[in-house]
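What follows is one structure encoded as structure tokens, with my remarks underneath.
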Amino acid sequence: MSGELISVRSLKKFFWIRAGLFSRGAKPIKALDGLTFDVTGGETVGIVGESGCGKTTLARVMLGLEAPTEGGVSIGGLNPFEIRGAERKALRRKIGVVFQSPQASLNPRATILQSLLRPLALHGYGRDAAMEIVEKTASSVNLGRDLMPRYPHQLSGGQQQRACIARALLLSPEIMLLDEPTSALDVSVQAQIVNVLLDLQRDMGLTYVFISHDLNLVRAMSDRIIVLYMGRIMEEGPAEEVFHSPAHPYTKALMDSSPPLSPRKSRAPGGAARELIRGEPPSLIDLPPGCRFQPRCPKAMDICSQSPPEMHPFAPRRRASCFLA
Amino acid sequence: MFKNPSFATGFAVIALVALGAALAGHATGYEFDAINMSEVLKSPSRANWLGTDQYGRDLFTRVLFGARIALRVGFIAVAIESLIGVTLGLISGYLGGYVERAILFVTDLTWAMPPVILAMAIVTVLGPSVNNVAVSIAVVSWAQFTRVVRAKTLSLKELPYIEAAESIGESGLSILVRYILPNVAPSIIVLATLSLPSAIMSTTALGFLGLGAQPPTPDWGVMLSEGISYIEDASWLSVFPGVAIVVLVVGFNFLGEGLRELIDPRIKL
């Protein structure tokens, strides 16, 4: 497993709902149900899926904010849940994180400068060294000096998000975990943020884990795509290939449901007629038997409701969990 | 700020009372405990603006000195109760689990007791004095702070900036003090201002019952209870301390309401 910066092995994360003091036999919510994938240094992996598929839970586990129920994550060979002290601190420096809502990601009672100096202070930098790093990082994301003494609410959404990106970059991480970094922003500002992110990656050789439900954006940003559905990986492969010839019916349905960039293009990227997903995602507590997409799948067969399809490679660098692939 | 009518009214009233309390020793030319048996129970006049009491002491001087006691006890009580309440609120909201349950249990316990009765019990144990009154009021009324701060902490700790802080390795204490406390502070300030009038009311209630300040201290509650005996002949003895209590309490209520509107009209207490 050398060369892998992040490796996730049969990762499971269940949440137990407590109905009350005397409730028995609580059933778990299976937010993540056995994920296995790797991320190589320098690449951008896009993680896509609809709401509730486990994207954010995955991010929280990778950050070490939530302990996995089973399986594990290793980042640069270190498992965030097995280490303490100095190693833990070193691991924290390896991952920077940017969240969806920039306004809520900054302490409203701290100036931008205070928010940026804090991570450096925590990791033992002196005031002068910290100031230098803050200035360098801020200019790398085009965050003007005049914004430093301001409070978050005095900044625009784009400025706030660049401040968040700067904060994530301060400790020179190898990995940037981007949890829907643009979905709270206007389209014009999205483009600006995407450009900042692409420039940073080119200049610093960062590895991006890009979580989003905006398929066009993921396609533009990612080298590789992982499609999640109800806590499982449905399909994995190089971005362009997955977009051109989706192997899993869910991937195809997901792409068909994303609005076309041009209103005249009423056809799906593959050229076939658009086919929208029917129904609602099932409950994460009572999952359907067999394949979890089977109740909504246009191509469901008998076998699909009998046993879950295993994740298997079907072409170079591509994997899918579908009997048809 | 002064365009807000509640705040402006409250501020003016409190400023006036505070000024009166500050000048109490010099403004009137009388001492609050100067007995003058030849001027007993005089009605309000040019020499004694609010009249004199049964020992011939100038009532205006005594009411002004009373403001000192009311303000002092109010501030001490609110300082203690906010210290206890905010600390427990932050801890219970942030940690959750058994700690939270234990704290909530104690909070509910103090809610369940009638506050003045409980305060009476505590003062009886500690012995009647102005400072003990402040302590007993704090002990019975910190729960409100815990409730508000805990609720606010619960909603704040789910926000991404707290997660971001955790992911860079902030300790729990540091998250409470640096990230949560500053964001709960506006609610605490408003709640503290609105708690002052009830603390002052309790002070005078305990004074009235003889458990607070002892004569000849010019506590408004003490003055009220002494005046009751002369209510038919010298009603000013009880009317003016009563008016003073009303003015101060209403003033703080206006001030608190105004602060709430100015800081954040959505604050729920």
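Order of the sequence lines sets the chain letters (A, B, ...), proteins ahead of strands, with each chain counted from 1.
- Heavy atoms only, all atoms of each residue included: B:Glu166 and A:Arg92 are closest at O-NE, 3.6 Å.
- Heavy atoms from other residues, nucleotides or ligands lying under 6.0 Å from CE of A:Met148 number more than 12.
- Environment of CZ in B:Phe11: sparse, with no more than 12 heavy atoms of neighbouring residues, nucleotides or ligands closer than 6.0 Å.
- Among all heavy-atom pairs drawn from B:Ala164 and A:Ser105, the shortest one is CB-O, 4.5 Å.
- Contact detail for B:Pro182 and A:Arg109: the closest heavy-atom pair is O-CD, 3.3 Å.
- A:Leu63 and B:Ser167 get closest at one heavy-atom pair: CD2-CB, 4.2 Å.
- Within the 4.5 angstrom heavy-atom criterion, only backbone atoms of A:Leu106 (N, CA, C, O) approach chain B.
- Within a 6.0 Å radius of CZ in B:Phe254, no more than 12 heavy atoms belonging to other residues, nucleotides or ligands are found.
- At a 4.5 Å heavy-atom cutoff, the contact between B:Ser174 and chain A is made by side-chain atoms alone.
- For B:Asn183 against A:Pro108, the heavy-atom pair with the smallest separation is OD1-CG, 3.1 Å.
- For A:Glu132, the CD atom sits in a loose shell: 12 or fewer heavy atoms of surrounding residues, nucleotides or ligands are nearer than 6.0 Å.
- Only the side chain of A:Arg60 comes within contact range of chain B, with heavy atoms under 4.5 Å apart.
- Neither the backbone nor the side chain of A:Arg93 has a heavy atom closer than 4.5 Å to any heavy atom of chain B.
- Rounding to the nearest 0.5 Å gives a distance of 7.5 Å between CG of A:Leu171 and CD1 of B:Ile168.
- Across all their heavy atoms, B:Tyr179 and A:Asn107 have their closest contact at CD2-ND2, 3.6 Å.
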